[in-house]
Amino acid sequence: MEPRYRAPRGTFDFIYPESEKVEALLAAASEILATRGYRRISTPMLESTELFRRGIGEATDIVTKEMYTFEDQGGESLSLRPEATAPVIRAYLERSLFAQGLPQKLFYAGPMFRRERPQAGRFRQFHQLGAEVIGTRDTFIDAEIISISDVLFKRLGLEAYELVVNSVGCGECRPSYVRMLSGFLEGISQALCEECRRRSRENPMRVFDCKNERCREALEAAPAIGEQLCPECRVHFQEVVDHLETLGVAFRVDPKLVRGLDYYTNTAFEFKFEGLSAQNTVSAGGRYDGLAEQLGGPETPGVGFSLGIERLLLALEAQGLDPFTPPRLSVFVAGAPGVERSSVLDILVALREAGVSADADFMDRGLKSQMKQADRLGARLVLIVGKDELERGEITIRDLDRSSQVEVSLAGMVPAIREMLEAGSEDV
RNA sequence: GUGGACGUAGCUCAGUUGGUCAGAGCGCCGGGUUGUGGCCCCGGAGGUCGGGGGUUCGAGUCCCCUCGUUCACCCCA
């Protein structure tokens with residue numbers, strides 16, 4: 001019974017009901033974003049490899065070992081997108097969106113690809129929903145971007161999550177901070193784990209992600225980026241914090257919060273959930289004022305977030321929430337013995353044309369089985385197309401909720417059904 | 001990339017110290033008299049016990065390899 005073909009490792013099919021929950025989540029998010037002036041953008045799943053190398057950073061794990069990269073038949077190096085911010089900025093520059101007026105507020109949703117080892121909340125093809133505001137450094141926008149996830153979570157009824165914010169500085173203050181941190185790390189290197197020593201050399205700020213108890217203690221006294229900002233960045237961050245308070249978003253400042261991708265500047269944030277296993281960051285993002293320039297465009301500020309759909313689904317499930325209830329089938333049309341199949345289909349089509357949700361048997365089942373099927377589908381009514389009634393120009397409508405049935409004329413069928421559906425079903 | 005756990009019917013799982021061990025529940029299909037659901041009863045379909053090799057008279061049950069799943073590290077949404 002081993003299927004001959006299976007979905008590639010780390011990928012999966014979204015089947016119902018998850019597929020429908022995803023639709024519901026996207027609908028809720030789209031509504032929130034649209035009412036804040038965001039417009040939808042859809043970029044290719046494939047981009048030139050160079051875009052990501054430049055945009056995300058040559059030294060990042062994503063670029064060095066997680067991209068699905070290949071050369072196409074024309075010899076061009078392409079990669080499946082591991083994230084969408086660089087592609088969105090590329091599109092902004094390529095399509096001259098700045099000429100449409102600034103700022104540009106864009107949102108996207110779709111699959112991303114990273115060749116990591118799968119685990120809870122982490123897949124090789126996963127789906128992100130995100131937004132970017134390009135063209136302004138206004139601190140209210142930083143707060144707005146952050147608040148969108150919060151609004152969505154609240155609307156979905158989610159609890160037990162925490163928003164952590166920080167500033168990672170700018171091109172001026174970060175380098176000097178990193179030097180200071182490196183110096184500090186050198187001094188305590190013997191107290192650090194193997195991993196942290198490696199980080200100390202390659203990406204010093206990442207030591208703060210270490211979960212090792214000894215390292216954490218040793219790092220207590222380490223200088224934090226949030227405390228070493230230049231005056232300008234300090235003001236910027238303070239304004240963001242103030243706006244968050246105005247927006248009523250609860251948060252905690254963590255001076256040691258850092259970001260994985262190279263392009264971040266100033267504002268950085270993460271939404272973490274309790275009870276979600278190791279991958280508990282559901283939404284994260286920040287400001288990236290240097291990215292557009294990095295990609296060969298003019299100096300252009302930007303800020304955005306991205307949210308992991310699968311992780312959001314896990315959070316909803318962990319909290320017993322369901323964003324989607326499938327609509328109930330109104331009518332199941334069942335044919336009794338001796339009835340022409342065409343009569344059943346004619347009625348089915350007539351109902352659908354009248355706007356009534358309806359389905360019928362396509363497995364050549366007997367009446368009893370059709371009744372069971374109707375029940376299993378959760379249909380409210382069953383239209384029993386019987387030989388005798390049909391000869392009288394009538395049809396039987398059985399109400400599965402009330403366990404009652406009536407006969408009506410074919411001409412009065414649709415109105416009768418409408419009436420019964422509108423009357424609802426009292427508890428029986 | 002590293003480490004641990006696990007892989008028996010569609011699903012959730014039982015399967016003793018290797019010898020009726022190929023099972024249960026749920027689901028699915030059919031039936032319980034002639035045209036009717038949900039409960040109940042009866043019956044049925046469905047499994048190379050992930051795959052390969054080995055040990056043995058004999059292996060889901062032991063060993064090796066392999067594939068897959070899963071959890072953690074790494075990293076990140």
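Residue numbers start from 1 in every chain, and the chains themselves are labelled A, B, ... in the order their sequence lines are given, proteins ahead of strands.
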Colleague: Taking the same atom, C1', in B/G1 and in B/G53, what whole-Å distance lies between them?
Modeller: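 Roughly 28 Å separates the two C1' atoms.
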
Colleague: Is it the case that B/U2 (base atoms only) and A/Arg117 (side chain only) share a donor and an acceptor within less than 3.5 Å, ignoring hydrogens and angles?
Modeller: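 Yes.
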
Colleague: Between B/C74 and B/U2, how far apart are the two P atoms, rounded to whole Å?
Modeller: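 Rounded to whole Å, the distance is 16 Å.
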
Colleague: Using O4'-C1'-N9-C4 for purines and O4'-C1'-N1-C2 for pyrimidines, with syn meaning within 90° of 0, is B/G60 syn or anti?
Modeller: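 Glycosidic conformation of B/G60: syn.
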
Colleague: Could you give the CZ-to-C1' distance, from A/Arg380 to B/G38, as a whole number of Å?
Modeller: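 Roughly 15 Å, once rounded to whole Å.
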
Colleague: Tell which nucleotide pairs with B/A14, taking only Watson-Crick or G-U wobble pairs whose two distances are both under 3.5 angstrom.
Modeller: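 B/A14 is unpaired by these criteria.
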
Colleague: If you measure from the P atom in B/G68 to the same atom in B/U55, how many Å do you get, rounded?
Modeller: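 Rounded to whole Å, the distance is 27 Å.
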
Colleague: Which nucleotide, if any, forms a Watson-Crick or G-U wobble pair with B/A5, using both distances under 3.5 Å?
Modeller: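 Checking every strand shown, B/A5 finds its partner in B/U69, with both distances under 3.5 Å.
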
Colleague: Consider the side chain of A/Arg398, meaning its heavy atoms from C-beta on, and name the nucleotide among B/A77, B/C76, B/U36 that approaches it most closely.
Modeller: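 Nearest to the side-chain atoms of A/Arg398, counting from C-beta on, is B/U36.
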
Colleague: Which nucleotide, B/C76, B/C29, B/G37, lies nearest any side-chain atom of A/Arg365?
Modeller: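 Looking only at heavy atoms from C-beta outward on A/Arg365, the closest nucleotide is B/C29.
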
Colleague: Work out how far the C1' atom of B/A22 is from that of B/C13, and round it to whole angstrom.
Modeller: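 That atom pair is separated by 14 Å.
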
Colleague: What is the distance, to the nearest angstrom, from the NZ atom on A/Lys272 to the C1' atom on B/C76?
Modeller: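 Roughly 9 Å, once rounded to whole Å.
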
Colleague: Compare side-chain N and O positions of A/Ser369 against OP1 and OP2 of B/G37 and report whether any pair is under 4.0 Å apart.
Modeller: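 Checking B/G37 against A/Ser369, no side-chain N or O comes under 4.0 Å of OP1 or OP2.
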
Colleague: Within the pair A/Lys368 and B/G37, is there a side-chain N or O less than 4.0 Å away from OP1 or OP2?
Modeller: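 Indeed, a polar side-chain atom of A/Lys368 lies that close.
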
Colleague: Spell out yes or no: do the side chain of A/Asp375 and the base of B/G38 have one donor N/O and one acceptor N/O closer than 3.5 Å?
Modeller: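 Donor-acceptor pair under 3.5 Å: no.
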
Colleague: Can you tell me, in whole Å, how much space there is between the C1' of B/G60 and that of B/U20?
Modeller: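 Nearest-Å result for B/G60 against B/U20 at atom C1': 15 Å.
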
Colleague: Test: side chain to side chain donor-acceptor pair (under 3.5 Å). Region: residues 32-41 of chain A. Which pairs qualify, not counting sequence neighbours?
Modeller: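 Matches after skipping sequence neighbours: A/Tyr38-A/Glu144.
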
Colleague: Does a side chain donor of either A/Thr396 or A/Glu389 reach within less than 3.5 Å of an acceptor in the other side chain?
Modeller: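 Indeed, the side chains of A/Thr396 and A/Glu389 share at least one donor-acceptor pair under 3.5 Å.
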
Colleague: When the nearest nucleotide of RNA chain B is assigned to A/Pro8 and to A/Ser277 on a heavy-atom basis, which residue is associated with the more 5' position?
Modeller: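 Taking each residue's closest nucleotide, the earlier one in sequence belongs to A/Pro8.
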
Colleague: Write down the distance separating the C1' atoms in B/A24 and B/C49, rounded off to the nearest Å.
Modeller: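 It works out to 15 Å between them.
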
Colleague: Just call it for A/Gly335: base, sugar-phosphate, or nothing, with non-hydrogen atoms closer than 4.0 Å on any strand.
Modeller: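 Touches nothing.
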
Colleague: Please check: side-chain N/O of A/Tyr264 versus main-chain N/O of A/Gly169, any donor-acceptor pairing under 3.5 Å?
Modeller: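 Side chain of A/Tyr264 to backbone of A/Gly169, a donor-acceptor pair under 3.5 Å: no, none is there.
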
Colleague: Hey, does the side-chain of A/Gln405 have a donor or acceptor N/O within less than 3.5 Å of a partner on the base of B/G37?
Modeller: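 No, no donor-acceptor pair under 3.5 Å.
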
Colleague: Touch check for A/Arg114, heavy atoms < 4.0 angstrom, all strands: base, sugar-phosphate only, or nothing?
Modeller: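 The residue A/Arg114 makes base contact.
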
Colleague: Looking across every strand, which nucleic acid part, if any, lies under 4.0 Å from A/Ala374 by heavy atom: base, sugar-phosphate, or nothing?
Modeller: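 No contact.
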
Colleague: Would you say A/Arg199 places a side-chain N or O within less than 4.0 Å of OP1 or OP2 belonging to B/C75?
Modeller: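 The answer is yes; a side-chain N or O of A/Arg199 sits under 4.0 Å from OP1 or OP2.
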
Colleague: So, A/Phe14 versus A/Phe12, ring centres under 6.0 angstrom or not?
Modeller: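 Ring centres of A/Phe12 and A/Phe14 closer than 6.0 Å.
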
Colleague: What is the distance, to the nearest angstrom, from the CD1 atom on A/Ile395 to the C1' atom on B/G35?
Modeller: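 Result: 13 Å.
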
Colleague: Give none if B/G35 has no partner; otherwise give the nucleotide forming a Watson-Crick or G-U wobble pair with it, both distances under 3.5 Å.
Modeller: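 With both distances under 3.5 Å required, B/G35 matches none.
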
Colleague: By nearest heavy atom, map A/Asp388 and A/Glu116 onto RNA chain B; which one lands nearer the 5' end?
Modeller: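 On the 5' side of the pair lies A/Asp388.
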
Colleague: Applying a 4.0 Å non-hydrogen cut-off, can you work out what A/Phe271 is touching in the nucleic acid: base, sugar-phosphate, or nothing?
Modeller: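 It contacts nothing in the nucleic acid.
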
Colleague: Does the side chain of A/Tyr161 pick up a donor-acceptor pair with the side chain of A/Asp150 at under 3.5 Å?
Modeller: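 Note: A/Tyr161 and A/Asp150 side chains meet the donor-acceptor criterion.
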
Colleague: Please state whether the phosphate of B/A77, meaning OP1 or OP2, lies under 4.0 angstrom from any side-chain nitrogen or oxygen of A/Gln128.
Modeller: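 Answer is no, no contact under 4.0 Å.
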
Colleague: Between the base of B/G68 and the side chain of A/Arg6, is there a donor-acceptor distance below 3.5 Å?
Modeller: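 Flag unset: no donor-acceptor pair detected.
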
Colleague: Take the protein atom CZ of A/Phe107 and the nucleotide atom P of B/A77, then report the distance between them rounded to whole Å.
Modeller: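 Computing the A/Phe107:CZ to B/A77:P distance gives 20 Å.
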
Colleague: Please give me the minimum heavy-atom distance between A/Tyr288 and A/Ile89, naming the atom from each residue.
Modeller: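 Between these two residues, the closest heavy atoms are CE1-CD1, 3.7 Å.
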
Colleague: Looking only at side-chain atoms of A/Arg115, point me to the closest of B/G1, B/A77, B/A72.
Modeller: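 Closest of the options to the side chain of A/Arg115: B/G1.
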
Colleague: Just how far, in rounded Å, is P of B/G38 from CZ of A/Arg328?
Modeller: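 Taking CZ of A/Arg328 and P of B/G38, I get 16 Å after rounding.
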
Colleague: Now, which nucleotide makes the Watson-Crick or G-U wobble pair with B/G43, with each of the two distances under 3.5 Å?
Modeller: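 Per the H-bond distance test, B/C29.
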
Colleague: Nearest whole Å is fine: how far is B/G10 P from A/Asp13 CG?
Modeller: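 One finds 17 Å between P of B/G10 and CG of A/Asp13, rounded.
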
Colleague: Are the ring centres of A/Phe273 and A/Phe153 closer than 6.0 Å?
Modeller: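 That pair passes the under 6.0 Å test.
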
Colleague: Could you pull out the closest heavy-atom pair between A/Ser149 and A/Ser283, with the gap in Å?
Modeller: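 Nearest pair, atom of A/Ser149 first, then A/Ser283: OG-OG, 2.8 Å.
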
Colleague: With a 4.0 Å cut-off on N to O distance, would you call A/Glu162 and A/Lys272 a salt bridge?
Modeller: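 So A/Glu162 does not pair with A/Lys272 through a salt bridge.
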
Colleague: With respect to the side chain of A/Lys372, which nucleotide from B/C73, B/G38, B/A77 is positioned closest?
Modeller: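 Among B/C73, B/G38, B/A77, the one nearest the side chain of A/Lys372 is B/G38.
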
Colleague: Output the single nucleotide from B/U69, B/A72, B/G37 whose closest atom is nearest the side chain of A/Ala120.
Modeller: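 Nearest to the side chain of A/Ala120 among the choices is B/A72.
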
Colleague: Can you measure A/Gln370 atom CD to B/G38 atom C1' for me and round it to whole angstrom units?
Modeller: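 Going from CD in A/Gln370 over to C1' in B/G38 covers 17 Å.
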
Colleague: With a 4.0 Å limit, can you tell me whether A/Arg259 has a side-chain N or O closer than that to the phosphate oxygens OP1/OP2 of B/A77?
Modeller: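 Yes, such a contact exists.
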
Colleague: If we call it a pair only when both distances are under 3.5 Å in a Watson-Crick or G-U wobble match, what pairs with B/C76?
Modeller: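 Its partner is none (no Watson-Crick or G-U wobble pair with both distances under 3.5 Å).
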
Colleague: Examine B/G38: is either OP1 or OP2 under 4.0 Å from a nitrogen or oxygen in the side chain of A/Arg376? Give yes or no.
Modeller: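 Answer is no, no contact under 4.0 Å.
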
Colleague: Work out how far the C1' atom of B/G46 is from that of B/C26, and round it to whole angstrom.
Modeller: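 Nearest-Å result for B/G46 against B/C26 at atom C1': 14 Å.
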
Colleague: May I have the distance from A/Tyr108 (atom OH) to B/A77 (atom C1'), rounded to whole angstrom?
Modeller: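 In whole Å, B/A77 C1' lies 9 Å from A/Tyr108 OH.
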
Colleague: Expressed as a whole number of Å, how far does the P atom of B/U61 sit from that of B/G7?
Modeller: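 Pairwise P distance, B/U61 against B/G7, rounds to 11 Å.
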
